[in-house]
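Here is how names work: the chains are called A, B, and so on, in the same order as the sequence lines, proteins then strands, and each is numbered from 1.
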Amino acid sequence: MKKILSLCMAMALVVSMTACGSKDDGKATTAAPADNTTTAAAAENDGTAAAGGEATTAAAGETVAFTGEGSFKIGGIGPTTGGASAYGIAVQRGAQIAADEINAAGGINGYMVELNFQDDEHDPEKSVNAYNTLKDWGMQVLVGSVTSNPCIAVAEKSQADNLFQLTPSGTAVDCVKYDNAFRMCFSDPNQGLESAKYIGENSLATKVAVIYDSSDPYSVGIYEAFRAEAENQSFEIVSAEAFTADSKTDFSVQVQKSKDAQADLLYMPFYYTEASLVLQECDKQSYKPVFFGVDGMDGILSVENFKVELANELMYMAPFVATSEDEQVKSFVTKYETQFGETPNQFAADAYDCMYVVKAAIEKAGATPDMDASAICDALKTAMTEISYDGITGKEISWEATGEPNKAPMIVQIKDGVTVELQ
Amino acid sequence: MRQMKTKALSKQTRNNLVTYGIVIAAYIAVEILMRAGMVSSLLKGLLVPLCIYVILAVSLNLTVGILGELSLGHAGFMCVGAFAGAIFSKCTMNAIPVAGLRFFLALLIGAAFAALAGILVGIPVLRLKGDYLAIVTLAFGEIIKNVINIIFLGRDSRGFHISLKDAFDLGLEPEGEVIIKGPQGITGTPNDSTFLIGILLILVTLFIVLNLIHSRTGRAIMSIRDNRIAAESVGINVTKYKLLAFTVSASLAGVAGVLYAHNLSTLAAQPKNFGYNMSIMILVFVVLGGIGNIRGSIIAAVVLTLLPEMLRSLNDYRMLIYAVVLIAVMIFSWSPKCREFRERYGLKRLLGSKKGAKEEV
């Protein structure tokens, strides 16, 4: 009896699994007709436009009628729970703001944009699950994944499906290994290279100390490129000390070693939370080198209980400065602040730009939502190398076929609690 | 004659055959649905992870349920297997072009290395018992993960280079490649894992574990669990059997690790996948499925892996619901009142009285 029961249960389990799967499919398909009904309703009000099949702005100009063929389905993947959730949530919000703006302004070529953001918990395996969920939903373009390792795992799958992928913040080299993948941010080696060049060309120092997070691919990636480029530059690296995710609360040893090596510049390729502790430790040991950071430093002024004057004169590479006077940036920052009650960071900015880049590329390629994901990908691959984009993380950004963006690195410095651009 | 033989099969054997049957039936059902195009991409992507977690749960059940020792370092052995297998595959990607053969060898190597780690860890650890053993295995699991995180391994024409500092320290020739990049792990392992291989490995795992349990060795292991002093007094070599069970369990975890490493193209030892969180998650599968109940482990692993993915439509609440479900199941399966209730109104009893009702379920 027991055996038959277990067999039945196993069968029931399998069936329910697939049932759930197909239910998802069902949902996706029911969603589309729902859109169509709104379209039909809107079209009835405005007969001429319905005949033309073009997007029309209904009544107040805020609600936009859909054209019959539906909308672009853009998927997003990133950690919205767990330790890295700060990045994922920022990306989700940034992308959402952009999607809302695009829809309010009439969509892409008249087609609306639907954004579906899935959680991956900063885990490659979960990221692939999220990717598959989005595929079931009917995703045509992917904005993600947010973090490097999950992004590499997803890129493998998106390449197999030939689905266009644009990562806002996957900095590792392998994230854009395939020709269907592009990125919005600088790659790790690029940052290390550029900062080494900047330090060398501006003769900021002769002896450089590095502290890096050896458990973080981002930090290690930058450090390695920095070290490689340092050999071509006029300074030498006198000390390189590592810390790990498990030991990032006390930096006395690393700072002491940098001080003993008499380094006149401290290079900090890691995130601002740890950087605030390093700066405090340097202050405690009255060690005053030139501080130089990377884009992870963005946000240091908002660290709680951190004396802002410690970060005075701190230089770092930043793709995005929230206090910038640029019109686009201002509008984005205001929107983000009113909606979410906090200042956006570079992740949010990258995601915001990603959505507009996708828009620009789709417009260039003339893609329509009725094309399948693979056809859109083929069209966008070429279009990406032809567009030039002005956004909030850089101006006149263009892309190589390799997926790397060409944008000028921006070095900023904190002066009296305000971030100022140096270039 | 044949029929006689089937009837003569012991209850135990039939019970085992049912367990195999469940796995095979699940495979056939999924295959058929897949052919019919009724399986979502999400589920397709989950098939291999499901196999991985089932193998892990079954193998841990050997330590926890049969040996009766609480091990919290299972993810560590998985990690050893994963890295050993991945390094092998990466190095022989060109030398052995046949994916099946290469993967088979990778599995053997992963299992062997995990078994070796199991022996090394087991020798000191198995002198302890109860909570102390749990704590020390937890520590060893973390140590394994952290050691792997500092290893840099490279290869060029002069052979292999290893460093504990950074990739520059390897002193590679320009055309040399870095295989393990410290915390960044290994990228570019071939995606050799398939659902069929996963199911075959589950069957092999079940075969090993079930046969071990029901053999003379298994009885010796269980006697140690039930009463160590009595077992010792009848001349059972406690250390030997404990180490044996622990090692078999570790090597099977290594097999799961190899499967894991070849499912995604990136492999890094992070707290998320090889930390104690993972060990505890596997333990949750075992506990919720019933300690010592192999079939229960399979079902629990499948259900608990699917659940958070199926709850995706709830967005931010899914982890909350997942936790609530875990607590609810735990209470439902273990509280004395609930057990009494189940005994009185449970499916088994209902089935016993009304045979027809089963079909509707």
Side-chain angles (χ1 to χ4, degrees), chain A residues 1-15 17-18 20-22 24-25 27 80-83 118-119 121-126 128-133 135-136 148-150 152-153 155-157 172 174 177 213-217 220-221 223-224 227-228 240 242 244-246, chain B residues 14-15 17-19 21-23 25-26 29-30 33 38-46 49 146 149-150 165-168 181-185 187-188 191 260 263-268 270-273 295 299 302-303 306 308-310 312-313 315-316 318-319 347-348 351-352 358-359 361:
Chain A
M1 217 65 258
K2 207 173 157 190
K3 289 147 277 167
I4 302 171
L5 170 67
S6 341
L7 265 172
C8 287
M9 294 219 356
M11 292 303 288
L13 200 69
V14 170
V15 171
M17 272 154 56
T18 42
C20 285
S22 46
D24 285 349
D25 289 342
K27 222 189 292 160
T80 55
T81 57
Q118 289 292 335
D119 181 23
E121 304 165 40
H122 184 38
D123 180 348
E125 193 187 323
K126 297 278 157 52
V128 170
N129 291 345
Y131 172 78
N132 285 327
T133 310
K135 234 171 78 182
D136 291 336
S148 288
N149 261 330
I152 295 171
E156 195 74 35
K157 305 286 169 194
D174 282 347
K177 188 164 58 169
D213 182 350
S214 65
S215 64
D216 184 3
V220 176
Y223 162 66
E224 285 179 352
R227 182 170 156 169
T244 65
D246 301 328
Chain B
R14 274 184 291 157
N15 214 348
L17 285 178
V18 170
T19 313
I22 291 176
V23 176
V30 170
L33 289 171
M38 282 166 71
V39 181
S40 62
S41 332
L42 172 64
L43 192 63
K44 270 186 213 156
L46 273 172
N146 282 318
N149 260 333
I150 58 164
K165 201 157 169 282
D166 54 34
F168 291 100
K181 241 181 158 185
Q184 299 180 65
T187 47
N191 286 7
Y260 180 92
N263 183 35
L264 304 169
S265 55
T266 160
L267 175 71
Q270 284 167 337
K272 191 92 203 171
N273 51 4
R295 207 182 296 157
I299 296 171
V302 170
V303 171
L306 283 179
E309 298 303 329
M310 293 301 160
R312 268 188 189 276
S313 51
N315 295 331
D316 295 351
R318 83 193 167 100
M319 282 327 210
L347 265 178
K348 216 179 278 178
L351 286 172
K358 178 193 67 213
E359 300 308 318
V361 176

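Shown here for B/Ser40 and A/Asp136, the closest heavy-atom pair between the two residues is CB-OD2, 3.1 Å. Looking at every heavy atom in both residues, B/Thr187 comes nearest to A/Ile152 through CG2-CD1, 3.9 Å. The two atoms that bring B/Gly188 and A/Lys177 nearest to each other are CA-NZ, 4.4 Å, heavy atoms only. When all heavy atoms of B/Leu306 and B/Leu46 are compared, the closest pair comes out as CD2-CD1, 3.7 Å.
Heavy atoms closer than 4.5 Å to chain A are found in the side chain of B/Lys181, but not in its backbone. Heavy-atom distances place both the backbone and the side chain of A/Ala130 under 4.5 Å from chain B. For A/Asn129, the parts lying under 4.5 angstrom from a heavy atom of chain B are both the backbone and the side chain. No part of A/Ala240 comes within reach of chain B, as not one of its non-hydrogen atoms sits under 4.5 angstrom from that chain. Looking at A/Lys157, the atoms closer than 4.5 Å to chain B (heavy atoms on both sides) all sit in the side chain, from C-beta outward.
Between chain B and the options A/Ala242, A/Ala228, A/Ala155, A/Ala172, heavy-atom pairs under 4.5 Å are most frequent for A/Ala228.
Distance CE/B/Met310 to CG/B/Leu42: 5.5 Å, rounded to 0.5 Å.
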